[in-house]
2 protein chains.
Amino acid sequence: MTKQRQLIYNIVNSTPDHLKVEEIFSEVKKNNSTMVFATVYNSLNYLVENGYIRRIRIPGLPDHFDRNLQPHDHLLCEECGNLIDVPSQEEKLNFFDANGNYYHKKQVLYYGICYLCQKKL
Amino acid sequence: MTKQRQLIYNIVNSTPDHLKVEEIFSEVKKNNSTMVFATVYNSLNYLVENGYIRRIRIPGLPDHFDRNLQPHDHLLCEECGNLIDVPSQEEKLNFFDANGNYYHKKQVLYYGICYLCQKKL
DNA sequence: TCATTTTTTAGAACCATTCTAAATTTATTT
DNA sequence: AAATAAATTTAGAATGGTTCTAAAAAATGA
C-alpha cells in the first residue's frame, strides 16, 4: 500500500456513492496531492484486483468504483445518471446449459428513474 | 432508406451473429462500397433508433449489432469473445421498489465459456 | 426549377483509458 | 549502510471506439 493507493482507497471508502475517476481525481486534488491521472487509474486497478474495492462497468459510461463488496446489482437512473444499489439474487454461477455452454457469472443492470428525480419531474 | 442504410441493414440481417462495426465495415468494403466509417455509424444508429436492428452494448467491448429483435439475453464467451443468445425472462419492467425508485428495463449479461471453446481447451 | 432538408463524406475531435519511458521510491541483498 | 533489484509514480503520448463539424452531394418539396 503506497501513499497514493491509500489515499485513493480512503476516498472510495469514505462514501457509499459510486465514484467516477473524475470525481476521485478531484477529491485527490483537494488533499493537495500531486498525484497524476495515470496513478489514479493504476491505483484503482490495483485496489480492484486485490479485492479492496469493486469496479462497476456500465456500457457507454465511465467506470464507477464502489466500496461495497457484497454482491448486489445496480439501478441506473436515466435522469441524473446516479447508480443505486439493488439487492441481487446470485451473481456467481456454475452451470451448463443444454448446448454445453458454461456460465460462471451474471451481471444485471436495471434502468429507471430514481425516487428523487421523480419528485423533481 | 438510403442505399447505404440498406446495405448496412442487409449485412446485419444476413447473419444470426452479433457483428461489430469493424466487421460490418469490412463487409461493406467487399461490396465495393465507397462508404466511410462515419456513415456506418450513422446508419447503424438510424437502424437501431427505427427498430430495424438491435444494439448490444457490453462494457469494455465495442458495440455489437443484432438482427434478432426478440427479447433475449447474452452469454459472453471469455475465451473467444463471441456472444451467444440466451433466452430471457423479462427485459421490460414496470414497477417501483420500496424506496419509490422506478424500474423500466433490465439488462442481463452472462459471462462464461462457450461449448466450442471448452472442446478446444 | 429553386429552395429546403437530409444524408454522406472526410477528417478532426473526443473521452476514457492504457501505454511508454524515465524518474523516483521501496524492498532486498550484501 | 551501500548497492542492487524490483515496483511504483510521473508525464505525456497513444489508443480505440465513437461522435462531431463543415462542406459536398443527394433527396424532397413547393
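What you see is a predicted model; the values in this text were computed from it and never measured. The figures here come from the full heavy-atom set of this structure, side chains too, leaving out hydrogens, waters and symmetry mates. Proteins get letters first, then strands, A, B, ... in listed order; numbering begins at 1 in each.
From B:C114, atom SG reaches atom CG of B:L83 across 10.5 Å, with rounding to the nearest 0.5 Å. Taken from CG in B:D66 to CD1 in B:I56, the straight-line distance is 4.0 Å, to the nearest 0.5 Å.
We find that CD of A:E22 is positioned 14 Å from C1' of C:dC14, with the value rounded to whole Å. Taking atom CG on A:L44 and atom C1' on C:dA16, their separation rounds to 13 Å, with Å as the unit. At whole-Å resolution of the value, CG in B:D63 and P in C:dA16 are 16 Å apart. Remark: P of C:dT25 and CE of A:M1 are 20 Å apart, rounded to the nearest angstrom. The CD-C1' distance, from A:E23 to C:dA16, rounds to 14 Å in whole Å. Summarising the geometry, the separation between CZ on B:R57 and P on C:dA16 is reported as 14 Å, rounded to the nearest angstrom. Atom pair A:Y46:OH and C:dT18:P shows a separation of 18 Å (rounding to whole Å applied).
Among the heavy atoms of the strands lying under 4.0 Å from A:N42 is at least one base atom, whether or not backbone atoms are also near.
Between A:Q4 and C:dT25, a side-chain N or O to OP1/OP2 separation shorter than 4.0 Å is absent. Distances shown here put a side-chain N or O of A:Y41 below 4.0 Å from the OP1 or OP2 atom of C:dT17. The side chain of B:T2 places an N or O atom within less than 4.0 Å of a non-bridging phosphate oxygen (OP1 or OP2) of C:dT8.
Annotation: the terminal axes of the helix from C:dT1-D:dA30 to C:dT30-D:dA1 meet at 20°, where each axis is the rotation carrying the C1' atoms of four end pairs onto the next four (5 pairs per end, rounded to 10°).
Taking the 5' to 3' direction, DNA chain D first and last meets chain B under 4.0 angstrom from a heavy atom at D:dG17 to D:dC20.
A perpendicular orientation is assigned to the rings of A:H74 and A:H18, their planes being inclined by more than 60° (bins at 30° and 60°). Aromatic ring orientation, A:F37 versus A:F25: tilted (interplanar angle from 30° to 60°).
Take the nearest nucleotide of DNA chain D for B:F37 and for B:K3: the residue whose nucleotide is more 5' is B:F37. Heavy-atom distances to DNA chain C give each of B:R5 and B:A38 a nearest nucleotide, and the one nearer the 5′ end belongs to B:R5.
Taking the ring axis of A:Y111 as reference, the NZ or CZ atom of B:K105 stays within 45° of it and closer than 6.0 Å to the ring centre.
Of the charged side-chain nitrogens involved, at least one lies within less than 4.0 Å of a carboxylate oxygen, so that B:R55 and B:D63 count as a salt-bridged pair.
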Legend entry - CA sep, side-chain torsions, deciding dist, call: A:Q6, A:N10, side-chain hydrogen bond (donor to acceptor under 3.5 Å, both in side chains): CA-CA 6 Å; A:Q6 188 64 56; A:N10 291 344; 3.1 Å; yes
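Looking at B:D17, its side chain never comes within 3.5 Å of a backbone N or O of B:L19 through a donor-acceptor pair.
Nearest approach of A:Q118 to B:Y102, heavy atoms of both residues: NE2-N, 3.3 Å.
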